[in-house]
Amino acid sequence: MNQIPEKLLKPYDPKETEQRIYKTWEASGFFNPETCIKKGYTKADAKPYTIILPPPNVTGILHMGHALMIAIEDLMIRYYRMNGRRTLWLPGTDHAAIATQSKVEKDIAKKEGKNRHDLGREELLKRIEKFAQESHDTIVEQVKRTGASVDWTREAFTLDEKRSLAVRTAFKNMFDDGLIYQGKRIVNWDPKGQTTISDDEIVYKEEKTKFYYFKYGPFVIGTSRPETKFGDKYVVMHPDDKRYAEYKDGQKIDLEWINGPITATVIKDTAIDMEFGTGVMTITPWHSVVDFEIAERHNLDKEQIIDKYGKLLPITGEFSGMKITDARAKIVEKLRSKGLVEKEEDYTHNTATAERTGGMIEPQIMNQWFVAVNKKFTIKNSNIEGIASGSETTLKEIMSKTVSSKQIQIIPEYFDKTYFHWIENLRDWCISRQIWYGHRIPVWYKGKEIYCGIEAPKEEGWTQDEDTLDTWFSSGLWTFSTLGWPEKTQDMEIYHPTDVLETGYEILFFWVARMILMTGYHIGTIPFHTVYLHGTVRDAKGQKMSKSLGNGIDPIDVADKYGADAGRMALIMSGSAGTDSKLSEDKIKGYKHFANKIWNIARFVLTSTTDMPEENASTKITILPADQALIDALNAQVVDVTKDIEEYRFYMAAEKIYHYIWSEFADVIIEQSKPILAGADIAAKNSRQKTLLTILTTSLKVLHPFMPFVTEELWSLIIPNSDKMLIVENWPII
RNA sequence: GGACGAUUAGCUCAGUUGGUUAGAGCAUACGAUUCACAUUCGUAAGGCCACUGGUUCGAAUCCAGUAUCGUCCACCA
């Protein structure tokens, strides 16, 4: 070791280094576990270690949250790869049905002034696919910039051919088992987006409005929505309400209403809050979830008042065809002229709006497809603890048992409670969407006949259901659809169940719970052993990063300016599982300095060891006790860091390494070494030289999962003739 | 309304499951230095660990309550 590489004499330049190093990794094939086996770096019978990358949506570009996710997953993957595990990290992207379609529709409306009906299904889909493809390509480039050691040969897309087959197969199996059914149910209809949306996609916004009290026969009813009241022929009160004890359940009362006399029926139901308003209400089952449930319980008639476009139907008489907002005042006026308005008050309440389109939700009863979460079915082969093969179970039970038995461990643990709370309140999952982009429901109709199959029926005359599936239906299959299911593949055999699912806590219910449901049902096992939930990355002030606020930090800008390594370190160091973190450029800058620090340490060590004698069988350098003590201290650190990584305390592991390298190695050990290296005692000098090299190489190995680029680059400079890259080096074993 | 968190130095956060004198980074002050370091080093100051009570030989840590902030869920006619 005589030559000091010229590059090393200048400050570390991450921009030049990182992209070059990534290409070297790609060319090596080491992201692919089978290549590692072929080259002898992983044993053929090694225990697998699998992470499936939560697929970013093809709606745009990656943000800091993705960068955090990748930093943590790559850290685990590189750590386990260095530990000799058969390590697979499988990448992919998500078509994100509603989000993507509405993004493209918005663009088209803005640029061309057209809506989707102007374009037609085929043309719109073409446009969306083009957008999705471009978005996908950008995302892939971004993922590469972060240093992610994902196996690109296995890349998947939630809407590609193999995943589509998985979706149709999954649908058919559940359909045949009676777990998917079509039903008239009240759904959240978004008149603006012309689609249903799930409960989870609703955003409640505060609205100031009027609260009216109307005379309804002998009662006074309260409402903020007079326009729905036309069909109200049931008046409901709590059975224990003494004020209305004289009225009996089922009693008929003739009264004067908006468009003339009607006969109302008294219903007693405990869903009524005696404290609210007058304690009496009329119900509109077609347009209210609570009312619908009351109507179901008492087997009452349901009538539609408002159409899909938010306009009043002929049942409203003279108001027919009017928009809700226009009609409301006129209806109140009419009631007032009839002397039926008791009083009105100012009222603030939460209205439901669609997250994607901002449209006001108008509940409607519609034909939709559902997954029955409480329906019993026989599970064929079960590896789920507490649910035996061949026993009767429900999807809800699968979701709950896998976690309560700790077969699936959630980190941080306290999210268990939130998870169970959610499961308890879970209703049947509405999986149909009235949009065009996504997996079309594999059901065909011919007259009154209905056919569900993986492929379209061969005979003529069948038409396919117009709806598509909720995007979470396909992502629910993600851990096994990516591994080739429904084919019986070797990948499934080897890599499933996966080890860790690492994702943001905000999609615990959307996604994690649905993966548990789908995997339990289709595979009879768990999708992963551990769920690691990371927090939200916020700006320095603690605000969410968003486009509208313009406070986002672009991971690519970070990579350009400070290096991806620095960005990764800043993200990993920003906090523990489940807690939000604040990120500022200053923080990232600090870790750029750190990368340069290691660079300089390496320069010092290399220039100080050029005259170290080469070792061979006859001439061995003896390590003196003082130096052995330094190595022992480092080893103790490595043990500590290893434990922290295995127990998911990544921030702590990172901090320990950082602290060791800067405050111990650089500030103490190197400073102490200077007189020894310049001294006359050759034995002491050689011992120290060898020790410095040992400490440097060990430090690089331990730091590699955190800062892969700078460590790999230094590795190649330190050991120039080795063909073994740091990525496949062995984790220091003590 | 229900659930779950958080509250520690000026700021951002640790504190590994109860154990010496509560730590780090940034920022601040003072000093050193051109030495592997454009990006260096040392020293210092800075804390009623939100508050009240309890358990314990011992509490930032466990329990109960209060306050403030945050997140999620539900949503009322």
Side-chain angles (χ1 to χ4, degrees), chain A residues 4 8-12 199-200 202 204 211-214 221-226 228-229 232 235-237 271-273 275-284 287-291 294 347 349-352 412-427 505-509 535-536 538 540-542 544 562 566 569-570 573-576 578-584 586-587 589-608 640 643-644 647-649 651-656 658-659 662-663 666-668 670-671 673-674 677 692:
Chain A
I4 306 300
L8 199 53
L9 298 175
K10 293 184 221 144
Y12 175 57
D199 288 348
D200 304 316
I202 291 177
Y204 288 91
F211 192 78
Y212 302 96
Y213 290 90
F214 297 140
I221 58 159
T223 184
S224 60
R225 301 211 49 196
T228 64
K229 298 285 121 188
D232 291 9
V235 57
V236 192
M237 60 214 72
I272 301 299
D273 179 357
E275 307 294 316
F276 189 88
T278 55
V280 185
M281 70 173 195
T282 59
I283 58 167
T284 316
H287 300 293
S288 156
V289 177
V290 175
D291 295 5
I294 293 170
Y347 182 57
H349 72 147
N350 288 330
T351 50
E413 205 170 343
Y414 60 75
F415 270 102
D416 281 16
K417 291 177 197 160
T418 327
Y419 178 85
F420 291 127
H421 189 250
W422 181 81
I423 302 269
E424 277 162 31
N425 296 314
L426 186 65
R427 288 186 279 199
Y505 60 76
E506 70 275 6
I507 53 173
L508 181 62
F509 313 123
T536 307
R538 296 165 180 280
K541 289 179 200 150
K544 263 195 174 177
Y562 306 106
M569 201 66 174
M573 288 272 253
S574 62
S576 54
T579 48
D580 292 355
S581 58
K582 295 179 191 172
L583 189 71
S584 62
D586 276 352
K587 216 182 241 176
K589 203 198 268 173
Y591 297 107
K592 188 189 178 192
H593 296 180
F594 180 55
N596 195 56
K597 188 76 184 177
I598 311 154
W599 190 259
N600 276 298
I601 290 172
R603 182 195 303 171
F604 177 83
V605 172
L606 281 197
T607 49
S608 309
D640 236 19
K643 196 166 172 251
D644 286 335
E647 290 169 10
Y648 304 95
R649 291 187 299 268
Y651 58 96
M652 198 171 278
E655 193 180 291
K656 280 175 185 163
Y658 175 89
H659 205 253
W662 200 311
S663 310
D667 293 349
V668 178
I670 286 184
E671 289 306 321
S673 302
K674 286 175 183 173
L677 294 166
L692 287 176

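In what follows, chains are A, B, ... by sequence order, proteins preceding strands, each numbered from 1.
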Review point. Expressed as a whole number of Å, how far does the P atom of B/U20 sit from that of B/C26?
Key: 26 Å
Exercise for review: Name the orientation class of the two ring planes belonging to A/Y658 and A/F594 (parallel below 30°, tilted from 30 to 60°, perpendicular beyond 60°).
Suggested key: tilted
Practice item. With C1' as the reference atom in both, quote the distance from B/A60 to B/U7 in angstrom, rounded to an integer. Key: 11 Å
Point to revise | Residue whose nearest RNA chain B nucleotide is more 5′ - A/T278 or A/D667 | key: A/D667
Practice item. Answer with base, sugar-phosphate or nothing: what part of the nucleic acid does A/G590 contact at a heavy-atom distance below 4.0 Å? Key: nothing
Check your understanding: Can a side chain N or O of A/K582 be found less than 4.0 Å away from OP1 or OP2 on B/U12?
Key -> yes
Check your understanding: Can you list the stems that RNA chain B is part of, where a stem is at least 3 pairs in a row, each Watson-Crick or G-U, with both distances below 3.5 Å?
Key -> B:1-7 with B:67-73, B:10-13 with B:23-26, B:28-32 with B:40-44, B:50-54 with B:62-66
Check your understanding: Taking the P atom of each, how far is B/C49 from B/A9, in whole Å?
Key -> 10 Å
Review point. Quick one: what's the B/S/- string for nucleotides 2-9 of chain B, heavy-atom cutoff under 4.0 Å, read 5' to 3'?
Key: S-SS----
Point to revise | Whole angstrom value for the distance that separates P of B/U40 from CD1 of A/I598 | key: 13 Å
Point to revise | B/A38 phosphate, OP1 or OP2, under 4.0 Å from A/K589 side-chain N/O | key: no
Exercise for review: Give one of base, sugar-phosphate or nothing for A/A352, where a contact means two heavy atoms less than 4.0 Å apart.
Suggested key: nothing
Check your understanding: What is the distance from CG of A/D291 to P of B/C75, rounded to the nearest Å?
Key -> 13 Å
Review point. Does any non-hydrogen side-chain atom of A/S673 lie less than 4.5 Å from one of A/L692?
Key: yes
Check your understanding: When the P atoms of B/U61 and B/A22 are considered, how many whole Å apart are they?
Key -> 15 Å
Practice item. Please state the P separation for the pair B/G46 and B/C63 - nearest whole angstrom. Key: 33 Å
Point to revise | P-based separation of B/A3 from B/U8 [nearest Å] | key: 25 Å
**Study point:** Smallest separation among heavy atoms of A/Y591 and A/M569, with atom names
**Key:** CD2-CG, 3.5 Å
Check your understanding: Is A/N596 near enough to B/A38 that one of its side-chain N or O atoms lies under 4.0 angstrom from OP1 or OP2?
Key -> yes
Review point. So what does A/G535 touch, heavy atoms closer than 4.0 Å: a base, only the sugar-phosphate, or nothing?
Key: nothing
Practice item. Pick base, sugar-phosphate or nothing for A/L508, based on heavy-atom distances below 4.0 Å to the nucleic acid. Key: nothing
**Study point:** Side chain to side chain, A/R225 and A/Y212, heavy atoms closer than 4.5 Å
**Key:** no
Practice item. Under 4.0 Å between any heavy atoms, over every strand shown, what does A/S608 touch: base, sugar-phosphate, or nothing? Just pick one. Key: nothing
Practice item. Kindly point out which of B/A77, B/U71, B/A36 is positioned nearest to the side chain of A/R538? Key: B/U71
Review point. If you look at every heavy atom in A/L677 and A/F604, which pair is closest and at what distance?
Key: CD1-CZ, 4.0 Å
Check your understanding: Under 4.0 angstrom, heavy atoms only, what part of the nucleic acid is A/I272 near: base, sugar-phosphate, or nothing?
Key -> base
Point to revise | Other residues, nucleotides, ligands: >12 heavy atoms within 6.0 Å of A/K589 NZ | key: no
Check your understanding: P atom, B/A14 versus B/U56: distance in rounded Å?
Key -> 31 Å
Review point. Which part of the nucleic acid, if any, lies within reach of A/E647 when heavy atoms closer than 4.0 Å are counted: base, sugar-phosphate only, or nothing?
Key: nothing
Check your understanding: Should we count CD of A/E413 as having more than 12 external heavy atoms under 6.0 Å?
Key -> no
Check your understanding: Would a 4.5 Å heavy-atom cut-off, applied to side chains only, mark A/D644 and A/K656 as touching?
Key -> yes
Exercise for review: Can you tell me, in whole Å, how much space there is between the P of B/A77 and that of B/C69?
Suggested key: 26 Å
Check your understanding: Would you say A/Y651 reaches B/G15's phosphate, i.e. side-chain N/O to OP1/OP2 under 4.0 Å?
Key -> yes
Revision key, fill the gap. Between A/R603 and A/V668, the residue closer to the 5' end of RNA chain B by nearest nucleotide is A/R603
Exercise for review: Could you check whether A/T223 gets within reach of a base, just the sugar-phosphate, or nothing at all, counting any heavy atom under 4.0 Å?
Suggested key: sugar-phosphate
Exercise for review: Determine the minimum heavy-atom distance between A/K597 and A/A666, stating which atoms define it.
Suggested key: CE-CB, 3.6 Å
Check your understanding: Any side-chain N or O of A/W662 less than 4.0 Å from the OP1 or OP2 oxygen of B/C37?
Key -> no
Exercise for review: Find the distance A/D586:CG to B/C11:P and express it as a whole number of Å.
Suggested key: 16 Å
Review point. Can you tell if the side chain of A/T223 reaches within under 4.5 Å of the side chain of A/F211, non-hydrogen atoms only?
Key: no
Practice item. Just jot down the side chain to side chain contact (heavy atoms under 4.5 Å, CB included) partners of A/T284, sequence neighbours excluded, or say none. Key: A/T228, A/K229, A/D232, A/H287, A/D291, A/I305
